[in-house]
Amino acid sequence: MEHPENDEQYKGLKVNKGIAGAPTINPYLTKKLQRRQYTPSEFVEGILQGNITILSQAVTLVESAKAEHQQLAQEIIEKCLPYAGQSVRIGITGVPGAGKSTSIDAFGMYLIEKGRKLAVLAIDPSSERSKGSILGDKTRMEELAREKNAFIRPSPSAGSLGGVARKTRETIVLCEAAGFDTVFVETVGVGQSETAVHSMVDFFLLIQLAGTGDELQGIKRGIMEMADGIVINKADGDNIEKARLAASQFRSALHLFPPSESGWTPKVLTYSGYYKLGIREIWDMIGEYTAFTKQNDFFDQRRNEQSKYWMYESINETLRNTFYRHPLVSSALKETEQQVLNNEISSFVAAKRMMDLFLRNSER
Ligand code: GDP
């Protein structure tokens, strides 16, 4: 009997049949959770149609550390490659507070209004420590984040700078295949991140501020040599004169450098990201640069050099990962490290031992 309380012996007691409770999971969500994984061809088809949801999912695969995701990602990238390469890739760097996000918002809206499609990516090697990147955060680019022709993606967070940079470079391929004709890669001057960005863009833009007393600090870090254009932000209000002065200091400093490989002389401009002044001039400068370097073939040469660089980077990364993830190596590594710390063996002997262990036990 369903309800023993309804038995004769409990007179006066009547328990009704209950009604079924509502399911604890929203049926729509259940269906979504059970969604079948797309095949590589389905991914590629979605990307080529400019489907942003599918593009985002593919980027997530690129960023994933799981071997099966990586394999799928590589297949997708391989299939997208023939459709990539058609964008202008622009690296944007500047110290925190230089106005990168304000400027990217302003540059981006200018481009969107001109009918372009813009992807904003970021490389932030510190993002693993800070658990989530401040670069490429949508809330920092309020206007742009609402545009359907803008795709904003924060920095991949896991891994070494080389790993983060490789993922961003692969994401560029996917964005280009999805029809984005302009790609921004944002970074801050941390460690080697600027060099990493430089190795994947056509034009490298350095945002500087006037009146900080260290206008030429970029020179020390070798950043100025990498810049194809230097732009002094916050040239508004009382700051206009100071910005102009800083610009002329930069121009004379640039004369101290040997001529660039491209034959292009880097330009120095002043602008205001906040008040949207001087934005068109910056874009015109980039247009002039691409026309100039396409004519003298440097544009393609630079991309070819970058492809070569990334081939070696990928080899190095794979070698490093295969070595450190090898079960024999990883189990012996700590003990060997301790022997070095105890001065029982030298670092070189230790390294050789580990390498021999790896090479003897690797497939040939
Ligand atoms: P980021 O750290 O390089 O991304 O810099 P932000 O874009 O967050 O800007 C830092 C601060 O500078 C913010 O308070 C902005 O409002 C301000 N700022 C950015 N661009 C300009 C500008 O063109 N003029 C002025 N006066 N302030 C600006």
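When a ligand or atom number is given, it counts from 1 through the structure's own listing order. Since we're looking at a predicted model, the values are computed, not measured.
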**Q** Hey, is ligand 1 close enough to Tyr275 that some N/O pair sits below 3.5 Å?
**A**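 No, there is no polar N/O contact under 3.5 Å.
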
**Q** Should Lys100 be counted as touching ligand 1, given the test is an N or O pair under 3.5 Å?
**A**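 Min N/O separation from ligand 1 is below 3.5 Å for Lys100.
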
**Q** Using a strict 4.0 Å threshold on nitrogen-to-oxygen distance, state whether Glu313 and Arg166 make a salt bridge.
**A** no

**Q** I'd like to know whether ligand 1 has Gly94 as a neighbour, heavy-atom separation below 4.0 Å.
**A** no

**Q** Would you say atom 1 (P) of ligand 1 touches the protein, meaning some protein heavy atom is under 4.0 Å from it?
**A**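 Given the 4.0 Å cut-off, atom 1 (P) of ligand 1 counts as touching protein heavy atoms.
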
**Q** Would you say Ser87 and Thr182 are linked by a side-chain donor-acceptor pair, where the criterion is simply a distance under 3.5 Å?
**A**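 No donor-acceptor contact under 3.5 Å links the two side chains.
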
**Q** Heavy-atom contacts with Asp236 under 4.0 Å: which atoms of ligand 1 show up? List them by number with element.
**A** 22 (C), 23 (O), 24 (N), 25 (C), 26 (N)

**Q** Return the minimal non-hydrogen interatomic distance between Glu186 and Ser101, and the atom names on each side.
**A** OE2-N, 4.4 Å

**Q** Polar contacts were defined as any N/O atom of the residue lying under 3.5 Å from an N/O atom of the ligand; does this apply to Thr102 and ligand 1?
**A**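 Indeed, backbone or side chain, Thr102 has an N or O that close.
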
**Q** Could you list the atoms of ligand 1 found under 4.0 angstrom from a heavy atom of Gly273?
**A**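 Every atom of ligand 1 under 4.0 Å from some heavy atom of Gly273: 23 (O).
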
**Q** Strictly below 4.0 Å, N to O, side chains only: are Glu261 and Arg302 in salt-bridge contact?
**A** no

**Q** Between the side chains of Asp236 and Ser272, is a donor N or O closer than 3.5 angstrom to an acceptor N or O?
**A** yes

**Q** Going by distance alone, is a donor N or O of one side chain under 3.5 Å from an acceptor N or O of the other, for Ser41 and Thr39?
**A**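 No, Thr39 and Ser41 have no side-chain donor paired with an acceptor closer than 3.5 Å.
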
**Q** Could you check whether any side-chain N or O of Gln70 sits under 3.5 Å from a backbone N or O of Val62, counting only pairs where one atom can act as donor and the other as acceptor?
**A** yes

**Q** Tell me yes or no: between the side chains of Glu194 and Thr93, is some donor less than 3.5 Å from an acceptor?
**A**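 Indeed, the side chains of Glu194 and Thr93 share at least one donor-acceptor pair under 3.5 Å.
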
**Q** I'd like to check which ligand 1 atoms, numbered from 1 as shown, lie under 4.0 Å from a non-hydrogen atom of Pro96.
**A** 2 (O)

**Q** Does the pair Phe107 and Tyr271 meet the rule for a ring-ring contact (aromatic ring centres under 6.0 Å, His included), with working shown?
**A** CA-CA 11 Å; Phe107 298 157; Tyr271 78 108; 5.7 Å; yes

**Q** What's the shortest distance from atom 16 (O) of ligand 1 to any protein heavy atom, and which residue and atom give it?
**A** Tyr274 CD1, 4.0 Å

**Q** Counting only heavy atoms, which portion of Val95 has something under 4.0 Å from ligand 1: side chain, backbone, both, or neither?
**A**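 Backbone only.
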
**Q** Hey, is Ile207 one of the residues with a heavy atom under 4.0 angstrom from ligand 1?
**A**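 False for this residue.
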
**Q** If we only count N/O pairs under 3.5 Å, is Tyr271 in contact with ligand 1?
**A** no

**Q** Does atom 28 (C) of ligand 1 have any protein heavy atom closer than 4.0 Å?
**A**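 Yes, because at least one protein heavy atom sits under 4.0 Å from atom 28 (C) of ligand 1.
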
